[in-house]
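Reading through the structure tokens given below for one structure.
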Amino acid sequence: MQLTLWTYEGPPHVGAMRIATAMRGVHYVLHAPQGDTYADLLFTMIERRDRRPPVTYTTFQARDLGADTATLFKNAVREAYDRFRPEAMIVGASCTAELIQDDPGGLAESLGLPIPVIALELPAYQRKENWGAAETLYRLVRAATLGAKPQRGAFSVNILGPTALGFRHRDDLAEITALIRALGISINVIAPWNARFADLQRLPLAHANIVLYPEIAGTAAAYLARTFGQKTISTVPIGLNATREFIAELTTLADVACPDDIEADQRSSWYTRSVDSTYLTGKRAFIFGDASHAIALARVAAEEMGFTVVGLGTYSREFGRELREAAAQYGVTPLISDDYLEIEAAIGAAVPEIVLGTQMERHIAKRLGIPCAVISAPMHVQDFPARRAPVMGFEGSNVLFDTLTHPLMMGLEEHLIGMFREDFEFHADAAPSHLGGDVAVRPETLVSGWDQAAEAELKKIPFFVRGKARRNTESFAAEHGVSLITIETLYDAKAHFAR
Amino acid sequence: MDGCVAPIMPAVAAPAIIRERGQREVFCGLTGIVWLHRRIQDAFFLVVGSRTCAHLIQSAAGVMIFAEPRFATAIIEERDLAGRADLDDELDRVVGQLLARRPEIKLLFLVGSCPSEVIKFDLSRAAARLDSRANGAVRILAYSGSGIETTFTEGEDACLTALVPSLVASDQAQLVVVGALADAVEDQFQRLFAAIGLDRVAFLPARRASAMPPIGRGTKFILAQPFLAATARALQERGAERIDAPFPLGIEGSTLWFEAAAAAFGIAPAIVAHAIAGPAKRGRDAVAKIAAELAGKSVFFFPDSQLEIPLARFLARECGMHLTEVGTPFLHRDLMARELSLLPPATQLAEGQDVERQLDRCEAARPDLVVCGLGLANPLEAMGLATKWSIELVFTPTQGFEQAADLANLFARPLARRARVKV
Ligand code: SF4
């Protein structure tokens, strides 16, 4: 039993949902109780998808347990097939259904549906979300390519890994796709993003697989390499140098020349060398996220920003070895943990000047008063920006320059604070001015006409609207010639301004 | 129907009911922890469950990430299931770890989940054992918020039911208001009850573990939330008497609610009318402004919190909305009798759910507003339907006179937004 406050990853079936939701024409029937339907909101609210994930939950209840949950499951599969007419189906159990051992795979198979039905075994008490996504993609790829005897033509690549609910996957994919096209290399299949089951069947036709997200596509790529002798390109093109290496690897393999203007829109190297970036030198950075993003960002921080890496960690235990190697490079102790409190303590102890992390670290950093940028899943709705904001490729390196500098104080501002330490606006605890530095002390309100009970009542109003409530009440009181604001005035004003 | 004071009014035209037992799209009872842990300020909720359970609560809590929340999950692992670790020992260890870290905790709930239920891990027994070991330093209770047994707000019902046996016995005459309310609402109610002449008024749950009300034959209680059927039964078993009333949503609901409470103590309606006149008028005027925008519009409720029927009643009678379908996960006929009698004749109700069929009906009806869970809202918006997330109706202070306009506004805002935005 493990005491958990916050979890970095969901259960493995959420990983499977990320694959199914990214694909087209694939439906997932999940043997699960009703509460597990919460997972839909990850996609519809956090990622803001306009469609429900293609998932049918059996939502069995206690009363079904004594009766026949197997029949319930079979009915759900049949009804899902009739309603959604998918091209392929994946079936499996959530943590609870795993305990009742209904064998979703066998049950679904017994229905003899005219489409491929892939059974997933995702051990919910041992594994987590990313593993579940990797396993699901692997199972789908394997089912689609079993016995294939590919005849390869001109050089082409597959891009593997982008899923629903991934950190900037949509934008990374657009960036990397454009980059590969600019190199004159053709793309055979992109999966799972927007792929159909039939697209997976064409995977063996490519010469190489680009593993954009090793946590998700590593297993499938290894299988394809083993089975079809495909090459694997595993450089994750996050940051300027990694992108250049990625291009070198790809052009060598494809035997094509890299166009001279490939870096035409790359500005990050100049921004880094420009004089006002001097203030970035040696900023202490603590980095935590999934292994690929954490390792890549550590490199960007060190090589491309001139920061000092003072902490590096991941919640991806499967990639512990890679992270340990990277940590050794920066001379820091690797932190491989998904214990929020342990990570908070490590960040506190490292005294960083910036934290690059997930939404959890955003909260830790906020509490510790340290600037923070989100660079990895899990993230919140604001980390799915409307604009295109990749972290891969050359535009990605531009975005990262902005992302990593924006939370910090600008050079001159920092000096001014150093000079005028006791200044009431410019003090050490002030937020950077471009981030609305109004934590500075404000004069107390001039209106003294609140009686005690009303003042106490006002305090019960959530802080983020309290200011408005106070202003409204006071202007209402002034307008109506009320000299002492009572609870009655407060609510009269509230009703007056209701709207 | 023991404990009823006000007579049940016969329904004019019985509402039509669709009963469904298909796939559901609702949260499980664990979700209640999100508001209960804010309400009882020295309580901690320890879910004994899986990573899914932990993920559900944090996803439902959304942005409400607190530095160190007063809830957590003891995640059951493979070795616990394989018998390599003794579940009781493991739980003792986790609870010990937790209490050492949070010595200020006075009330600890062990919250059961689907996995703990399915493996028949007896948390009540574990709680009793740990409680006696704690020697009064902290009270330890258990309830189930599992999805196989509880739907969304039923988690609060299960929590309060678990609390009832621990309440001190007392036969003193008092009114107990049952159901978690926002602090500001509780204070308003307290003031109005005082104005009515009711001084011994307590709230369950109280804000602190040590302030939970005593219960006994002198207790008359009134539900502030409609989803507390089991709690009501448990209180009745301890000799308390339930005051039947509609729920305090909207001006009408609040008025009838206060009247019922006062009547149970023999206080004349005129005294109530006098005490609530100011707030009621103020609230009615404020609602009227917003109702103008809601009148004539149609609304469709997906089943979620069991608040649907009182909300539908408010929208129909005070805001002039037309009810297309009112879904509720469960229909407790006795608790809901007064509410049902207030609904427009032949209102279409739906109990239970078959989410795909209900979506078909909703799409066909094309209501002006859909009240639904978070998973369905954006997909429905993308289909051109305006939505209101039902979870907000549970988290927001909506009860009573002063909040009635806020409540109306929750429904008006999605429509106002559509009218305003040109994209
Ligand atoms: S439905 Fe059951 S397994 Fe799922 S989150 Fe709720 S309690 Fe946990």
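The structure presented is a predicted model; accordingly, all values stated were derived computationally and were not measured. Residue numbering restarts at 1 for every chain, and letters A, B, ... go by the order of the sequence lines.
- Remark: B/F330 pairs with no residue by the ring-ring contact (aromatic ring centres under 6.0 Å, His included) rule, at least two apart or across chains.
- The most heavy-atom pairs under 4.5 Å with chain B, out of A/P12, A/P33, A/A32, come from A/P33.
- Summarising the geometry of A/L42 relative to B/S59, their closest heavy-atom pair is CD2-OG, 3.5 Å, with the distance given to 0.1 Å.
- Counting all heavy atoms, side chain and backbone alike, A/M1 lies closest to B/E77 at N-OE1, 3.1 Å.
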What donor-acceptor contacts under 3.5 angstrom involve side-chain atoms of residues 91-101 of chain A, with partners at least two apart or in another chain?
from  : atom 1 : to     : atom 2 : distance (Å)
A/S94 : OG     : A/H31  : O      : 3.4
A/S94 : OG     : A/D36  : OD2    : 3.1
A/E98 : OE1    : A/A124 : N      : 2.8

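- Residue B/R420 places its CZ atom among 12 or fewer non-hydrogen atoms of other residues, nucleotides or ligands, all under 6.0 Å distant.
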Requested in this report: Could you give me the CA-CA distance, side-chain angles and deciding distance for A/R63 and B/E149, then say whether salt bridge (charged side-chain N to carboxylate O under 4.0 Å, His left out) is met?
Outcome: CA-CA 8 Å; A/R63 61 167 182 239; B/E149 286 175 326; over 6 Å; no
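- Contacts of B/S390 classified as side chain to side chain donor-acceptor pair (under 3.5 Å), with partners at least two apart in sequence or in another chain: B/D304.
- Atom CZ in B/F27 sits 7.0 Å away from atom OG1 in A/T37 (nearest 0.5 Å).
- Counting non-hydrogen atoms of neighbouring residues, nucleotides and ligands closer than 6.0 angstrom, the CZ atom of A/R83 exceeds 12 such neighbours.
- For CD of A/E121, the number of neighbouring non-hydrogen atoms (other residues, nucleotides, ligands) closer than 6.0 Å is 12 at most.
- Of the atoms belonging to B/I391, not a single heavy atom falls under 4.5 Å from chain A.
- A distance of 11.5 Å separates CG in A/D50 from CG in B/L380, rounded to the nearest 0.5 Å.
- Under the 3.5 Å distance criterion, the side-chain polar atoms of A/Q34 are left unmatched by any main-chain donor or acceptor of B/R24.
- The number of heavy-atom neighbours closer than 6.0 Å to CZ of B/R357, taken from other residues, nucleotides and ligands shown, is 12 or below.
- At distances below 3.5 Å, not a single donor-acceptor pair connects side-chain atoms of A/K494 with backbone N or O atoms of B/Q403.
- Here B/L91 is the residue among B/L30, B/V48, B/L91 with the most heavy-atom pairs under 4.5 Å with chain A.
- Using a 4.5 Å heavy-atom cutoff, the side chains of A/R51 and B/M383 are not in contact.
- Comparing B/I75, B/N378, B/L81 by how many heavy-atom pairs each has under 4.5 Å with chain A, the most go to B/I75.
- Using a 4.0 Å cut-off between charged side-chain N and carboxylate O, B/R51 and A/E9 make no salt bridge.
- Heavy atoms closer than 4.5 Å to chain B are found in both the backbone and the side chain of A/L3.
- Residues A/L65 and B/I148 meet the side-chain proximity criterion, which asks for heavy atoms closer than 4.5 Å.
- Only the backbone of A/H496 comes within less than 4.5 Å of a heavy atom of chain B; no side-chain atom from C-beta onward does.
- Looking at B/D80, the atoms closer than 4.5 Å to chain A (heavy atoms on both sides) all sit in the side chain, from C-beta outward.
- The parts of A/T4 that come within reach of chain B are both its backbone and its side chain, each placing non-hydrogen atoms under 4.5 angstrom from that chain.
- Residues A/Y38 and B/H55 share a closest heavy-atom pair of OH-ND1, 2.7 Å.
- If you measure heavy-atom distances from B/D360 to chain A, the contacts under 4.5 Å come from the side chain alone.
- A/D64 touches chain B through its side chain: at least one heavy atom from C-beta onward sits under 4.5 Å away, while N, CA, C and O do not.
- The number of heavy atoms from other shown groups lying within 6.0 Å of CH2 (B/W389) does not exceed 12.
- Proximity to chain B (any heavy atom under 4.5 Å) is restricted, for A/I487, to the side chain, taken from C-beta onward.
- By the 4.5 Å heavy-atom criterion applied to side chains, B/S50 and A/Y125 are counted as neighbours.
- Residues A/T59 and B/Q353 have side chains not in contact (no heavy-atom distance under 4.5 Å, counting atoms from C-beta outward).
- Ranked by heavy-atom pairs under 4.5 Å with chain A, the first of B/L56, B/I76, B/V118, B/V94 is B/L56.
- Heavy atoms of other residues, nucleotides or ligands lying less than 6.0 angstrom from CZ of A/R317 number more than 12.
- In this structure, the portions of A/R52 lying under 4.5 Å from any heavy atom of chain B include both its backbone and its side chain.
- Residue contact with chain A, scored on non-hydrogen atoms closer than 4.5 Å, is absent for B/V287.
- When each of B/Q23, B/E90, B/E402, B/E356 is scored by its heavy-atom pairs under 4.5 Å with chain A, the top score falls to B/E356.
- Looking only at side-chain heavy atoms (C-beta outward), B/T73 and A/W6 stay at 4.5 Å or farther from each other.
- Interface remark: of the candidates B/T151, B/T31, B/L87, B/T151 forms the most heavy-atom pairs closer than 4.5 Å to chain A.
- Of all residues in residues 182-190 of chain B, those placing a non-hydrogen atom less than 4.5 angstrom from a non-hydrogen atom of chain A are B/A184, B/D187, B/Q188.
- Between A/R127 and B/E78 there is no salt bridge, since no side-chain nitrogen of the basic residue lies less than 4.0 Å from a carboxylate oxygen of the acidic one.
- Highest contact tally toward chain A, considering only B/G147, B/P379, B/C28, is held by B/P379 [criterion: heavy-atom pairs under 4.5 Å].
- Rounding to the nearest 0.5 angstrom, the gap separating the CZ atom in B/R79 from the CD atom in A/Q126 is 12.5 Å.
- Judged by distance alone, the side chain of A/T44 and the main-chain N or O of B/L374 form a donor-acceptor pair under 3.5 Å.
- Residue B/R284: no heavy atom, backbone or side chain, is found under 4.5 Å from chain A.
- Between A/E457 and B/R191, at least one side-chain N (NZ, or NE/NH1/NH2) sits under 4.0 Å from a carboxylate O, which counts as a salt bridge.
- One finds the CG atom of A/D492 at 4.5 Å from the CZ atom of B/R282 (value rounded to the nearest 0.5 Å).
- With a 4.5 Å cut-off on non-hydrogen atoms, B/A74 touches chain A through its backbone and its side chain both.
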